[in-house]
Structure formats: structure tokens, C-alpha cells
Amino acid sequence: MDLWQYISILRQPDTTGIFRKNNTNEKLEALEKIRAEGYPGLIYHLIPLLRNTTYPVIREAVCDTIVHLFRKMKARGRLYETVNLCEISKSDIDFYEAAFQKDQLIVLLAISSLNEDGYLREKAVKRLAALQTPEVVPFLIYRLADWVPQVRQSAIEALTPLTRPDFVDTFVAHLPLLQWLRQVQRTDPGPVAEGIRDFIIHRNRAVVLQHFSRYPDKARLILTQQLSASYTGDSRELSIFIRDKLYLIRLQALEHFEDLSTAAIEKLLTDKSPKVRIHTLYKLKGAANFRDIIQRSIADDAASIRSFARFVLKGNEIDYKTIYYNNLQEDRQISGSLAGLAETGAKEYAAAVERFLQHPFPHICRSAFLALTKLDEPKAHVFAITHMASEIPGIRKVTIGYLSRVAGKSVLETARLHFKTGSIEIKKSMLKLFSQSGGWPALADLILGTIDTHESIRLLSANYLATWKNRAITLYTKPAPEDMKRARLIFDFAHEHHEKETYFSTNPLTGLDFYLR
């Protein structure tokens, strides 16, 4: 049944028919369906039902459904336009307060505070303020940018008494909302926003730092920027930044580099983020021991850092190839050393690279393979053919990426065999190879994928086939007779199959015969 049919059921009188049959169960079932399958836009149709019902059980179910749909909304920009036209009067607010529990009331007042009627918004803001609970804060913040001065003033008056220690975490969590308001709304909430900032950053700084790791990522990042801008020299704050999981927050510690301890700098030099490591090196560039520090980065895992280290040391007599080779012999900085040998063209050390193709750690195998494609391509090609259907996704990905650039007849034949016998994930990888290799030789394989027994393979093949058609205008080379013949044969077979099975709403091969004339 369509969702609109459920709405129609809810709009019926609570008793129907000549003998006034009670249809409560039917309405409750309709609400359950709307709750499961509905979308926030249906709130507009449910709001009037809060008062137009005889039975409290239906009213409660309607309210719970509204609450559920309201909480489905994720995009701030869609919030107002979703509920601003709801049919709510000022007297309805009084009814909501009498009829519903606090958690339900918060949502109903929030919806009212977004209404197009300024008088209704003002009353809703005042009633939200009276609840004195953290859940109302975001809806009061929204109204700081209201285009009606009286509503805006009511929001300011409502928020002012809430700026107290037990609400500080709530205000921090909604820093992104304040920032968003300043960017997109017509009225600048600047003065009030500055007051909230002072409440968080200055009056409750110790509490905020103590609770720092609890806050959501976006809020934590904004908070870090504000704490950093008002930094007073307490290095313990920088330690909190350095320990954070977001690299952008760890980077912020470098804004106060002169206050970082030797241990903190060392931690940043070995940070898991290449951006943090390289920016730390930039900060150290004038240090007396910088040459010793940068030498440790010659075999860093990140290409940007290796390149920077070699650039800084270019005036020195340094045998990079030997350094990378010795690292491999001693199992130190393996990934960076493998890449370093490739970057310096150390073909004489290809054998040293080759032995890491069998390393137990897949990321080491990937690095060795990528290095070998530059140092000994024939051996890299053999490895790629052998491992193109590897059960290890990372290995399969790099080999497919390489083979798609050099795909010849033997590569495609091997890929076709894997597509025929492999798992769904293997099939997807082979389709990727067919698509990325491009041209006429793989066209038949993409067509064949659209009639596969697995739906996910059919969908993926259809997408790749659409990409092939978009690229077809750049295929200036004439297809080989055998490729064209195979494509035509499989096209005829697959087209007929699609007409019978109707896997898709429209045949994905429609119009493809134009390219096969």
C-alpha cells in the first residue's frame, strides 16, 4: 500500500460505517507503516491529527511517529522547509503542553519554533526556554538568526540563563550550528555567538579541556581553533591536541611550536599522518640538528616526505640507493625504502625488492610490487598475472590497476577465466579490469556481465557499459575483426536474454548496436 493511502486511513473518523465501527487498530497499523517507511515531509500531514482524534492511544502513536520522522532529518538546510508550513496555532502549543510528555513536547515545540508564523515561533521559543533542558539548545540557537527581531530577542533571553556550567558540554556540541548560522543566515548572530564563545573558552576553559575527548569531531575541531586563538602558554593544552585522533587538531599544536617539549615534537615527527610529520619538519627547518632529523625521513612511508628530505639534502654526498638497500637488509622502514629504490631508479637492487613480494604483511607486498613495476617490469607482470584474483583485496586492487594499463590478449583471457569461476568480489575486480582497459576487446565482456546470475554484477556491468559508451567517441582505432565479431555475437545473445528476463526497467543494451555496425 502507498504511504498516501495510510495518510488517508488516518484522516478517516475514529469510527466508521453505519454501526460506527472503531478503526483504532487500522490506524495504528497505518502509523506503524509510516514510521517504518515514511520520510520527514509527512510531518506536515500528521500534525493536524494530534488534535483531531477521539482516542488518546492514536494521539500518542501519531506524536511518536512525528518524533521519529523529525529525528530522521540530517541536513540542517532542509529542516525549516520541511516543517515551516505545518498547521499549528498558538493554542495548539497549550494543548501540546497538557497532552504530551516532555520528550515529545520538545519535538513539537521545536517544529513550532520553525513555523512561518512569527508569533507562533516567539511563543514556541519561550516555552522551549521554560523546559530548561539541553535538548532545547539547538532550536534556540536557530532562532538567534530569526528575521523577526522579537523572536530573535526571545531566543537571546532564553539562552542567557542556560549559559551555566551544567550546559557547557551542550553548547560545545552545537558550535558547528553556530558557525553554520553565521555562514548561511540573513541575520548575524555575532554578538550572541561571541557571548557563547566567552562562556565556553574563558569562563569554563578548564571544564572544556577536561571533557575535550567527549565532544563530536566537528565541534572538537572548532573548539580547538578557538582554544588555540586564545592560548595563554599552558603546554598541557597542546598535549590534549597532540593526543587527539583528528590530524587537523594535532596540526593545530604546531601553531605554538615554541611551547612544545622535545618529547612532543618527537611524537609529532612519528605521527601517523604524513601532513603532521611534514609540517613538523617545516617547523624544524632552522634547527641546529635539522640535518640529523631530516635524514631519518629519507625512507619515510610518505612520498611527499621522502621527496622533501632528498630536496633538503641534495647538496650533500648521500648514496640514497645504498641507504634504501641497507634498510631492506635490516628490515627497517621497509615500505618507504621499497618506494625509495623505485624513485631513485635502483634497478640493480630489483632482486632485493622481489623477495618482499611474499611478505606476510599485504601492505609490504603492495609496496614491493609497485616498486618492481619500475625496476623489473617483466617480473612485476608475472606477479600481477598470478595474483590478479588474489583473495587479499589490496593485492588484487594494485595488480588490476597495473594490468588494466597493459592489458593484452593473454591478460584478458586470464581475466575472463577468473570472471567465469571466481567469487562475486573476484567478478567485480575483473569487470573493473575490463572497464579500465577500455577499447573494443573488453566490450563483449561488459555486455556478458549484464546477464550474470548475480544482481550486483549485472548492475555494475551496466554502469561500466554506460561508461564505455560515453568513451566510445574517443575510440579512434578500428576494432579488430575478431573483437567486433565476438561483441556482435554476445550482444545478440544478451539482448534477447534481456528481452525475456527484464532484469532492468529498460534494456541496458538499447542503442549499443549503433557501435557494432
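Numbers here simply count residues along the sequence, with the first being 1.
A salt bridge (charged side-chain N to carboxylate O under 4.0 Å, His left out) with Asp244 holds for exactly one of Arg214, Arg250, Arg220; it is Arg220. The residue from Asp271, Asp300, Asp301 that alone fulfils the side-chain hydrogen bond (donor to acceptor under 3.5 Å, both in side chains) condition with Arg277 is Asp300.
Geometrically, Arg458 engages Tyr503 in a cation-pi contact, judged by NZ or CZ lying under 6.0 Å from the ring centre and within 45° of the ring axis.
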Under 3.5 Å, sequence neighbours excluded: what are the donor-acceptor pairs made by side chains of residues 287-295?
{"unit_1": "Arg291", "atom_1": "NE", "unit_2": "Asn316", "atom_2": "OD1", "d": "3.3"}
{"unit_1": "Arg291", "atom_1": "NH2", "unit_2": "Asn316", "atom_2": "OD1", "d": "3.3"}

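Under a 3.5 Å cut-off, the side chain of Lys283 and the backbone N or O of Glu255 do not form any donor-acceptor pair. When atom types are taken as modelled, the side chain of Gln5 and the backbone of Asp2 share a donor-acceptor pair closer than 3.5 angstrom. A side-chain donor-acceptor contact under 3.5 Å links His279 to the backbone of Lys275. Side-chain atoms of Ser307 do not come within 3.5 Å of backbone N or O of Ser304 as any donor-acceptor pair. Between the side chain of Lys27 and the backbone N or O of Gln12, at least one donor-acceptor pair lies under 3.5 Å. Remark: side-chain polar atoms of His359 are not paired, donor with acceptor, to backbone N or O of Ile364 under 3.5 angstrom. Using a distance-only test at 3.5 Å, with no hydrogens or angles considered, a donor-acceptor pair links the side chain of His256 to the main chain of Ser228. A donor-acceptor pair under 3.5 Å is absent between the side-chain atoms of Arg355 and the main chain of Ala351, judged by distance alone. Of the possible donor and acceptor atoms, none in the side chain of Arg416 sits under 3.5 Å from a partner among the backbone N and O of Asp445. A donor-acceptor pair under 3.5 Å is absent between the side-chain atoms of Asp513 and the main chain of Leu516, judged by distance alone.
Using a 4.0 Å cut-off between charged nitrogen and carboxylate oxygen, Arg296 and Glu266 count as a salt-bridge pair. Salt-bridge check for Glu343 with Arg310: passed, with a basic side-chain N closer than 4.0 Å to an acidic carboxylate O. Salt bridge Arg486/Asp483: absent, no basic N to carboxylate O contact under 4.0 Å. Ion pairing between a basic and an acidic side chain is recognised when a charged N comes within 4.0 Å of a carboxylate O; Lys500 and Glu496 show such pairing. Salt-bridge annotation for Asp217 and Lys245: present, with a side-chain N of the basic residue lying under 4.0 Å from a carboxylate O of the acidic one.
Rounding to the nearest 0.5 Å gives a distance of 13.0 Å between CE of Met430 and OG of Ser461. Here the OH atom belonging to Tyr6 is positioned 15.5 Å from the CZ atom belonging to Arg35, to the nearest 0.5 angstrom.
Every side-chain contact (heavy atoms from CB on, under 4.5 Å) that Glu348 has, sequence neighbours left out, goes to Lys321, Ala346. For the side-chain contact (heavy atoms from CB on, under 4.5 Å) test, residues two or more places apart in sequence or in another chain that qualify with Glu377 are Tyr402, Val406.
Counting heavy atoms from C-beta outward, His363 and Ser335 have side chains that approach closer than 4.5 Å. Contact check for Tyr39 versus Leu3: side-chain heavy atoms found under the 4.5 Å cut-off.
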Candidate pair Glu482 and Lys485, rule salt bridge (charged side-chain N to carboxylate O under 4.0 Å, His left out), full reasoning: CA-CA 5 Å; Glu482 61 270 25; Lys485 180 180 179 181; over 6 Å; no
Test side-chain contact (heavy atoms from CB on, under 4.5 Å) applied to Glu501 and Ile451, step by step: CA-CA 9 Å; Glu501 296 295 335; Ile451 58 171; over 6 Å; no
Trace of the side-chain contact (heavy atoms from CB on, under 4.5 Å) decision for Phe369 with Thr399: CA-CA 8 Å; Phe369 169 72; Thr399 54; 4.3 Å; yes
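Using modelled atom types, one finds no donor on one side chain facing an acceptor on the other under 3.5 Å when comparing Thr224 with Gln252. For Ser429 and Arg396, the side-chain atoms include at least one donor-acceptor pair closer than 3.5 Å.
Pairing each heavy atom of Ala368 with each of Leu338, the nearest pair is N-CD1, 3.7 Å. Heavy atoms only, all atoms of each residue included: Met388 and Leu433 are closest at CE-CD1, 3.7 Å.
For an aromatic pair to be called close, the ring centres must be under 6.0 Å apart, and Tyr282 with Phe308 satisfies this.
Using a 30° and 60° split on the angle between ring planes, Trp468 and Tyr515 fall in the perpendicular class, above 60°.
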